[in-house]
Amino acid sequence: MAKDLDELLDEVESKFCRPDPLRLGMVERPRGCVGGILSNDRNQAEAKENLRSTETFAKEDDLDSLISEIFEEPNFDKKPFKLKSKSSGNTSVRAPIQGLGKSCSPVYLGGSTAPCGIGTNTSQRACDHLRCVACDFWVVSYDDFMWDKSCDYLFFRNNMPEFHKLRTKLVKKKGARAYACQCSWRTIEELTDLQTEHQLRWVCGKH
(Lines give C-alpha, C1' and ligand atoms only; values in the text may rest on other atoms or scores of the structure.)
Protein backbone atom coordinates (compact mmCIF):
# COMPACT_ATOMS: atom_id res chain seq x y z
CA MET A 1 0.00 0.00 0.00
CA ALA A 2 2.83 2.40 0.91
CA LYS A 3 4.62 1.45 -2.30
CA ASP A 4 1.51 2.17 -4.36
CA LEU A 5 1.16 5.50 -2.62
CA ASP A 6 4.78 6.40 -3.39
CA GLU A 7 4.29 5.51 -7.06
CA LEU A 8 1.15 7.61 -7.17
CA LEU A 9 3.00 10.53 -5.58
CA ASP A 10 5.85 10.15 -8.06
CA GLU A 11 3.41 10.16 -10.95
CA VAL A 12 1.65 13.26 -9.62
CA GLU A 13 4.98 14.96 -9.05
CA SER A 14 6.19 14.17 -12.56
CA LYS A 15 2.99 15.54 -14.06
CA PHE A 16 2.26 18.52 -11.88
CA CYS A 17 5.43 19.32 -9.99
CA ARG A 18 7.81 19.90 -12.93
CA PRO A 19 9.11 23.46 -13.20
CA ASP A 20 6.75 25.66 -15.23
CA PRO A 21 5.63 29.30 -15.16
CA LEU A 22 2.62 28.40 -13.09
CA ARG A 23 4.71 27.05 -10.28
CA LEU A 24 7.15 29.95 -9.99
CA GLY A 25 7.03 31.42 -6.54
CA MET A 26 5.10 28.45 -5.13
CA VAL A 27 6.21 26.43 -2.11
CA GLU A 28 7.44 22.97 -3.03
CA ARG A 29 5.44 20.08 -1.71
CA PRO A 30 7.19 17.85 0.77
CA ARG A 31 7.49 14.32 -0.57
CA GLY A 32 5.20 11.81 1.01
CA CYS A 33 2.76 14.40 2.31
CA VAL A 34 -0.75 13.89 0.96
CA GLY A 35 -1.91 17.25 2.31
CA GLY A 36 0.88 18.88 0.31
CA ILE A 37 -0.51 17.35 -2.86
CA LEU A 38 -3.97 18.72 -2.24
CA SER A 39 -2.52 22.09 -1.30
CA ASN A 40 -0.38 22.22 -4.43
CA ASP A 41 -3.31 21.16 -6.57
CA ARG A 42 -5.35 23.99 -5.18
CA ASN A 43 -2.48 26.42 -5.70
CA GLN A 44 -1.98 25.18 -9.23
CA ALA A 45 -5.69 25.53 -10.02
CA GLU A 46 -5.74 29.02 -8.54
CA ALA A 47 -2.61 29.92 -10.50
CA LYS A 48 -4.19 28.67 -13.72
CA GLU A 49 -7.35 30.65 -13.04
CA ASN A 50 -5.27 33.73 -12.27
CA LEU A 51 -3.29 33.26 -15.48
CA ARG A 52 -6.49 32.83 -17.49
CA SER A 53 -7.98 35.93 -15.91
CA THR A 54 -4.78 37.84 -16.64
CA GLU A 55 -4.79 36.64 -20.26
CA THR A 56 -8.49 37.56 -20.58
CA PHE A 57 -7.89 41.04 -19.21
CA ALA A 58 -4.85 41.39 -21.44
CA LYS A 59 -6.88 40.37 -24.49
CA GLU A 60 -9.66 42.77 -23.53
CA ASP A 61 -7.12 45.54 -23.05
CA ASP A 62 -5.57 44.72 -26.44
CA LEU A 63 -9.03 44.75 -28.02
CA ASP A 64 -9.91 48.07 -26.40
CA SER A 65 -6.64 49.60 -27.47
CA LEU A 66 -7.12 48.25 -31.02
CA ILE A 67 -10.62 49.77 -31.20
CA SER A 68 -9.28 53.04 -29.86
CA GLU A 69 -6.50 53.02 -32.47
CA ILE A 70 -9.01 52.36 -35.23
CA PHE A 71 -11.18 55.30 -34.23
CA GLU A 72 -8.13 57.46 -33.74
CA GLU A 73 -6.83 56.72 -37.25
CA PRO A 74 -5.99 59.88 -39.21
CA ASN A 75 -8.36 58.82 -42.00
CA PHE A 76 -11.36 59.11 -39.70
CA ASP A 77 -10.22 62.53 -38.60
CA LYS A 78 -9.72 63.66 -42.17
CA LYS A 79 -13.12 62.63 -43.46
CA PRO A 80 -15.12 65.27 -41.60
CA PHE A 81 -12.63 67.90 -42.75
CA LYS A 82 -13.03 66.71 -46.33
CA LEU A 83 -16.78 66.98 -46.04
CA LYS A 84 -16.49 70.41 -44.48
CA SER A 85 -14.12 71.55 -47.19
CA LYS A 86 -16.48 70.25 -49.86
CA SER A 87 -19.47 72.03 -48.36
CA SER A 88 -17.48 75.19 -47.82
CA GLY A 89 -16.12 74.90 -51.35
CA ASN A 90 -19.60 74.53 -52.74
CA THR A 91 -20.90 77.51 -50.84
CA SER A 92 -19.54 79.85 -53.48
CA VAL A 93 -21.00 77.63 -56.20
CA ARG A 94 -24.40 77.17 -54.61
CA ALA A 95 -24.86 80.73 -53.46
CA PRO A 96 -25.57 82.05 -56.96
CA ILE A 97 -27.95 79.14 -57.59
CA GLN A 98 -29.87 79.87 -54.41
CA GLY A 99 -29.83 83.54 -55.31
CA LEU A 100 -31.28 82.63 -58.71
CA GLY A 101 -34.35 81.03 -57.17
CA LYS A 102 -36.71 83.92 -57.92
CA SER A 103 -39.85 83.62 -60.01
CA CYS A 104 -41.46 86.15 -62.28
CA SER A 105 -44.61 87.78 -60.90
CA PRO A 106 -46.41 88.37 -63.15
CA VAL A 107 -44.97 86.31 -66.02
CA TYR A 108 -44.55 88.23 -69.27
CA LEU A 109 -44.02 87.20 -72.88
CA GLY A 110 -42.58 89.77 -75.24
CA GLY A 111 -41.26 90.55 -78.68
CA SER A 112 -37.57 90.78 -79.53
CA THR A 113 -37.47 94.40 -78.33
CA ALA A 114 -38.64 93.44 -74.83
CA PRO A 115 -35.74 92.80 -72.44
CA CYS A 116 -35.53 89.34 -70.88
CA GLY A 117 -35.21 88.66 -67.15
CA ILE A 118 -37.28 88.48 -63.98
CA GLY A 119 -40.62 90.12 -64.59
CA THR A 120 -42.31 92.19 -61.88
CA ASN A 121 -44.97 94.90 -61.79
CA THR A 122 -42.25 97.55 -61.73
CA SER A 123 -39.80 95.76 -64.04
CA GLN A 124 -41.70 94.40 -67.00
CA ARG A 125 -39.34 91.87 -68.54
CA ALA A 126 -40.08 88.86 -70.72
CA CYS A 127 -39.42 85.59 -68.88
CA ASP A 128 -36.71 83.52 -70.58
CA HIS A 129 -37.00 80.57 -68.15
CA LEU A 130 -40.41 79.26 -69.10
CA ARG A 131 -41.38 75.63 -68.61
CA CYS A 132 -44.48 73.81 -69.79
CA VAL A 133 -46.32 71.84 -67.10
CA ALA A 134 -48.22 69.88 -69.76
CA CYS A 135 -45.33 68.37 -71.75
CA ASP A 136 -42.58 69.13 -69.19
CA PHE A 137 -40.38 70.80 -71.82
CA TRP A 138 -38.47 74.05 -71.49
CA VAL A 139 -39.94 76.75 -73.71
CA VAL A 140 -37.58 77.93 -76.45
CA SER A 141 -37.76 81.38 -78.02
CA TYR A 142 -36.27 82.84 -81.18
CA ASP A 143 -35.90 86.61 -81.66
CA ASP A 144 -37.02 88.24 -84.89
CA PHE A 145 -38.86 85.12 -85.99
CA MET A 146 -42.50 84.09 -86.20
CA TRP A 147 -44.06 80.65 -86.63
CA ASP A 148 -45.46 79.73 -90.01
CA LYS A 149 -49.22 79.26 -90.10
CA SER A 150 -48.77 75.64 -91.20
CA CYS A 151 -47.28 74.63 -87.81
CA ASP A 152 -49.15 71.88 -86.00
CA TYR A 153 -48.83 69.76 -82.88
CA LEU A 154 -47.05 66.86 -84.62
CA PHE A 155 -44.40 69.20 -86.01
CA PHE A 156 -43.35 70.36 -82.55
CA ARG A 157 -43.82 66.90 -81.06
CA ASN A 158 -41.35 65.42 -83.54
CA ASN A 159 -38.82 68.25 -83.83
CA MET A 160 -38.46 69.89 -80.40
CA PRO A 161 -36.03 71.21 -79.32
CA GLU A 162 -33.65 70.99 -82.32
CA PHE A 163 -33.37 74.40 -83.97
CA HIS A 164 -32.22 73.13 -87.38
CA LYS A 165 -35.48 71.15 -87.64
CA LEU A 166 -37.70 73.88 -86.21
CA ARG A 167 -36.21 76.45 -88.54
CA THR A 168 -38.14 74.98 -91.47
CA LYS A 169 -41.30 76.58 -89.98
CA LEU A 170 -39.73 79.84 -88.78
CA VAL A 171 -40.32 83.00 -90.78
CA LYS A 172 -38.21 86.12 -90.22
CA LYS A 173 -40.12 89.04 -88.76
CA LYS A 174 -38.43 92.02 -87.16
CA GLY A 175 -39.54 92.70 -83.59
CA ALA A 176 -41.32 89.36 -83.13
CA ARG A 177 -40.34 86.50 -80.85
CA ALA A 178 -41.34 82.89 -81.56
CA TYR A 179 -42.05 80.78 -78.44
CA ALA A 180 -42.61 77.00 -78.41
CA CYS A 181 -42.59 73.89 -76.24
CA GLN A 182 -43.43 70.38 -77.42
CA CYS A 183 -47.19 70.91 -77.29
CA SER A 184 -47.78 74.67 -77.74
CA TRP A 185 -46.37 77.62 -79.69
CA ARG A 186 -46.91 81.36 -79.95
CA THR A 187 -45.60 84.34 -81.87
CA ILE A 188 -45.47 87.44 -79.64
CA GLU A 189 -44.77 91.02 -80.75
CA GLU A 190 -45.86 93.12 -77.75
CA LEU A 191 -45.26 92.66 -74.03
CA THR A 192 -48.03 90.28 -72.95
CA ASP A 193 -49.08 88.97 -69.55
CA LEU A 194 -49.01 85.17 -69.69
CA GLN A 195 -52.30 85.00 -67.76
CA THR A 196 -54.10 86.38 -70.80
CA GLU A 197 -52.95 83.35 -72.83
CA HIS A 198 -55.32 80.86 -71.24
CA GLN A 199 -54.41 77.92 -73.49
CA LEU A 200 -50.73 78.01 -72.59
CA ARG A 201 -49.62 75.84 -69.64
CA TRP A 202 -46.34 77.70 -69.20
CA VAL A 203 -44.91 78.78 -65.87
CA CYS A 204 -41.74 80.56 -64.77
CA GLY A 205 -39.09 77.94 -64.09
CA LYS A 206 -37.26 80.31 -61.69
CA HIS A 207 -34.21 82.36 -62.52
Side-chain angles (χ1 to χ4, degrees), residues 67 69-207:
I67 292 172
E69 287 177 7
I70 290 173
F71 283 103
E72 289 174 3
E73 281 290 322
N75 291 336
F76 284 88
D77 292 335
K78 288 179 182 176
K79 283 184 180 178
F81 291 109
K82 285 183 179 178
L83 292 174
K84 287 178 183 176
S85 64
K86 283 183 180 179
S87 61
S88 61
N90 286 343
T91 303
S92 58
V93 178
R94 289 180 181 174
I97 297 173
Q98 292 173 354
L100 296 176
K102 296 181 180 179
S103 298
C104 295
S105 179
V107 182
Y108 290 107
L109 305 177
S112 61
T113 57
C116 294
I118 301 174
T120 64
N121 287 322
T122 56
S123 177
Q124 297 179 340
R125 295 174 179 272
C127 180
D128 55 354
H129 276 237
L130 293 168
R131 191 176 188 88
C132 181
V133 296
C135 64
D136 199 31
F137 263 66
W138 287 103
V139 177
V140 297
S141 62
Y142 303 107
D143 288 349
D144 296 322
F145 281 101
M146 63 177 290
W147 293 113
D148 188 79
K149 293 180 180 179
S150 63
C151 289
D152 57 11
Y153 170 78
L154 287 177
F155 170 75
F156 292 100
R157 176 79 177 178
N158 295 328
N159 298 311
M160 275 292 292
E162 299 177 28
F163 175 70
H164 67 279
K165 293 181 179 179
L166 295 173
R167 190 168 186 174
T168 59
K169 297 285 186 180
L170 284 170
V171 180
K172 284 191 174 185
K173 185 174 184 181
K174 190 73 174 174
R177 182 176 286 155
Y179 291 88
C181 62
Q182 196 181 38
C183 64
S184 302
W185 62 99
R186 282 290 184 282
T187 299
I188 303 294
E189 296 184 54
E190 302 291 336
L191 193 68
T192 306
D193 191 331
L194 183 60
Q195 290 183 349
T196 61
E197 297 286 338
H198 301 292
Q199 294 180 346
L200 296 178
R201 301 288 304 278
W202 298 346
V203 295
C204 177
K206 293 187 179 182
H207 296 260

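For the numbers below, each heavy atom of this structure counts, side chains included, while hydrogens, waters and symmetry mates do not.
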Is a donor on one side and an acceptor on the other found under 3.5 Å between the side chain of Gln182 and the backbone of Phe156?
no
Report yes if the side chains of Trp138 and Pro161 come closer than 4.5 Å at any heavy-atom pair, otherwise no.
no
Once you round to the nearest 0.5 Å, how far does CD1 of Ile188 lie from OG of Ser141?
11.0 Å
Between Ala126 and Leu191, what is the shortest heavy-atom contact and its length?
N-CD1, 4.4 Å
Gap between atom CG of Leu130 and atom OH of Tyr108 - 0.5 Å precision:
13.5 Å
At what distance, to the nearest 0.5 angstrom, does OG1 of Thr192 lie from CD of Gln124?
11.0 Å
So which atom in Ser103 and which in Ile118 form the shortest heavy-atom distance, rounded to 0.1 Å?
O-CG2, 4.0 Å
Please say whether more than 12 non-hydrogen atoms of neighbouring residues, nucleotides or ligands are located less than 6.0 Å from CD in Glu162.
yes
Taking all non-hydrogen atoms of both residues, which atom of Val139 and which atom of Arg131 are closest, and how far apart?
CG2-N, 4.1 Å
Show me the donor-acceptor pairs within less than 3.5 Å that the side chains of residues 142-150 make with the rest of the protein, sequence neighbours left out.
residue	atom	partner	partner atom	Å
Asp143	OD1	Arg177	NE	2.6
Asp143	OD1	Arg177	NH2	3.3
Asp144	OD1	Ser112	OG	2.8
Asp144	OD1	Gly175	N	2.9
Trp147	NE1	Tyr179	O	2.7
Asp148	OD2	Ser150	N	2.9
Asp148	OD2	Ser150	OG	2.4
Ser150	OG	Lys169	NZ	2.9

Where Gly117 and Asp128 come nearest, the two heavy atoms and their spacing
N-OD1, 4.2 Å
Where do Leu194 and Trp202 land on the side chain to side chain contact (heavy atoms under 4.5 Å, CB included) test, with the steps shown first?
CA-CA 8 Å; Leu194 183 60; Trp202 298 346; 4.0 Å; yes
Out of curiosity, Cys135 SG to Met160 CE, how far, rounded to the nearest 0.5 Å?
7.0 Å
Donor-acceptor pair, distance only, cut-off 3.5 Å: does the side chain of Thr196 make one with the backbone of Asp193?
yes
Just to verify, what does Thr168 make a side-chain hydrogen bond (donor to acceptor under 3.5 Å, both in side chains) with, not counting sequence neighbours?
none
Quick one: does His129's side chain have a donor or acceptor within less than 3.5 Å of a partner on Lys206's backbone?
yes
From OG (Ser184) to CD (Gln199), nearest 0.5 Å
8.0 Å
